[in-house]
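First up is the structure itself, then whatever we jot down about it.
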Amino acid sequence: MLLSLVVHTYSLRYWFPATIMLGTAPAYLLSWAAWRLLSTVLPARVYHKLDDRLYVIYQSMVLFFFENYTGVEIVIYGDIPKNKENIVYLSNHQCTADWIIADMLAIRQSALGHVRYVLKDGLKWLPLYGFYFSQHGGVYVKRSAKFNEKAMKKKLLSQTQSGAPMYLVIFPEGTRYNPELKNVIADSQAFASKEGLAVLRHTLTPRMKACHIAIETMKGHLDAVYDITVAYEGTLNTSSQRKPAPSMPEFLCKECPRVHIHFERVDIKEIPAEPVFFRRWLHERFEIKDRLLKDFYESEDAEKLCTFPGEGKVSPLNLSKTVPSVVILGGLMLPLLLTENGRKLYVRTWVYGTLLGWLWVNIFP
């Protein structure tokens with residue numbers, strides 16, 4: 001009986017916020033669809049401005065649960081610019097929670113609405129979300145020979161030419177680094193060795209294509225690249241071996257007490273344009289990440305273990321930035337659930353929104 005109560009209490013830590021976040025999605029999508037229809041006769045710049053504002057509302061609610069609700073402590077090494085910039089965000093990739101880390105940094109720069117993602121193609125099938133991420137400027141890409149360079153350039157150009165601010169999130173490794181997946185790590189290291197690149201131990205070998213296309217396509221629009229290295233505290237086992245980073249459910253279950261984020265700004269003018277030199281530049285950035293993570297997980301100095309070099313500043317997120325969004329979206333959702341017609345509209349939005357979204361993202365990638 002006691003064990004059952006503990007298990008149910010633990011699962012509620014995840015199911016409560018997940019239910020709210022997923023439950024408000026239809027109300028959010030209906031609000032966005034109404035604005036999309038109204039804005040068809042308006043300049044694209046006007047549409048993007050309010051679309052970004054709507055995105056802030058939803059993602060602020062998400063951050064309420066991932067940051068305020070979990071009580072996770074965010075420690076930042078380096079100075080985030082106070083002014084908003086058009087940037088490409090490059091980070092190591094360990095788990096599904098990495099997407100939320102980008103939001104955590106963006107909201108501290110008042111740039112949350114500008115966040116757009118380069119996503120693997122399979123994520124376009126996510127109900128409602130897959131369609132909306134594409135509408136908000138996200139780019140779906142396939143790996144290796146199936147990579148559609150032309151489609152990516154077209155999507156990014158359509159955003160920049162319409163004046164959309166850009167906070168483009170890319171994970172150059174292409175897949176998550178999991179210390180338990182020895183074969184994936186070995187294949188990545190073998191590829192680096194074959195190409196004459198330094199072998200990395202705490203990240204995978206970065207792939208350059210999506211990064212290079214994004215930066216070159218938008219170079220006249222971009223101010224900088226944000227080079228981000230993320231480490232999750234609590235990912236060392238009793239044998240001092242690195243464990244997998246927390247998934248989104250584990251994060252919501254408060255299994256990560258602290259997230260360490262190393263931030264470095266690279267001016268866009270410092271990034272080489274030629275593919276050969278760009279590849280070397282990108283790999284060198286990941287060599288730096290690898291050293292940072294090696295020290296974080298393996299330092300023999302107990303005071304340096306589970307920290308990055310330099311001064312780490314704890315950066316709390318004020319409730320005033322997140323609670324209003326919870327109230328707004330909750331207010332939009334409740335009328336749908338309290339009446340029979342509202343519930344029917346709610347279900348239809350999930351069903352038809354998902355089907356139409358799948359159709360749209362496949363016709364207009």
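Computed from a predicted model, the values in this text were never measured in an experiment.
For Phe64 and Tyr69, the distance between ring centers is not under 6.0 angstrom.
In summary, the side chains of Asn92 and Thr203 do not present any donor paired with an acceptor at a separation below 3.5 Å, with no hydrogens or angles considered. Side-chain N/O atoms of Ser299 and Asp301 include no donor and acceptor closer than 3.5 Å. Donor-acceptor pairing under 3.5 Å is recorded for the side chains of Tyr132 and Tyr28. Checking Ser188 against Thr205 by side-chain atom types alone, a donor-acceptor pair falls below 3.5 Å.
Taking each heavy atom of Ile107 and Ser60 in turn, the nearest pair found is CD1-OG, 4.1 Å. The shortest heavy-atom contact between Ala102 and Val169 is CB-CG2, 3.7 Å. Counting all heavy atoms, side chain and backbone alike, Leu156 lies closest to Ala214 at CD1-CA, 3.6 Å. Considering all non-hydrogen atoms of both residues, Glu73 and Val314 come closest at CG-CG1, 3.5 Å.
Classification of the Tyr167-Tyr226 ring pair by plane angle, with boundaries at 30° and 60°, yields perpendicular. Taking the six-membered ring where tryptophan is involved, the planes of Tyr297 and His202 are essentially parallel, since the angle between them stays under 30° and well short of 60°. Taking the six-membered ring for Trp and thresholds of 30 and 60 degrees, His93 and Trp99 have ring planes more than 60 degrees apart, a perpendicular arrangement.
A salt bridge is absent between Lys243 and Glu250; no separation between the charged side-chain nitrogens and carboxylate oxygens falls under 4.0 Å. For the pair Arg176 and Asp98, the salt-bridge criterion is not met [side-chain N within less than 4.0 Å of a carboxylate O]. At a threshold of 4.0 Å, the pair Arg201-Glu298 counts as salt-bridged, since one of the basic side-chain nitrogens sits closer than that to a carboxylate oxygen. We find that Lys313 and Asp79 are joined by a salt bridge, their nearest charged nitrogen and carboxylate oxygen being less than 4.0 Å apart.
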Evaluate the criterion salt bridge (Lys or Arg N to Asp or Glu O under 4.0 Å) for residue pair Arg116 and Asp52; output intermediate values, then yes/no. CA-CA 10 Å; Arg116 312 176 206 283; Asp52 286 356; 3.2 Å; yes
Give the intermediate values and the outcome of side chain to side chain contact (heavy atoms under 4.5 Å, CB included) for residues Arg285 and Val225. CA-CA 11 Å; Arg285 300 310 306 183; Val225 164; over 6 Å; no
Would you sort out whether Leu200 and His283 count as a side chain to side chain contact (heavy atoms under 4.5 Å, CB included), showing the intermediate values? CA-CA 9 Å; Leu200 308 174; His283 199 83; 4.0 Å; yes
Residue pair Asp223, Arg265: steps toward the salt bridge (Lys or Arg N to Asp or Glu O under 4.0 Å) verdict: CA-CA 10 Å; Asp223 299 300; Arg265 182 187 185 278; 5.8 Å; no
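Each of Trp281, Phe278, Phe147 was scored for a ring pair (Phe, Tyr, Trp, His ring centres under 6.0 Å) with His212, with one residue passing: Phe278. Partner of Tyr232 under the side chain to side chain contact (heavy atoms under 4.5 Å, CB included) criterion, chosen from Gln94, His260, Arg258: Gln94. Screening Tyr140, Phe133, Tyr129, Phe131 for a side chain to side chain contact (heavy atoms under 4.5 Å, CB included) involving Lys124 leaves a single residue, Tyr140.
Here CD1 of Ile271 is found 4.0 Å from CD1 of Ile268. Values are rounded to the nearest 0.5 Å. Rounded to the nearest 0.5 Å, atoms CD1 (Ile170) and CD1 (Ile213) are 9.5 Å apart.
The local environment of CD in Glu195 is crowded, with over 12 non-hydrogen atoms from other residues, nucleotides or ligands closer than 6.0 Å.
In terms of the side chain to side chain donor-acceptor pair (under 3.5 Å) criterion, residue partners of Lys153 (sequence neighbours excluded) are, by chain and number, Glu149.
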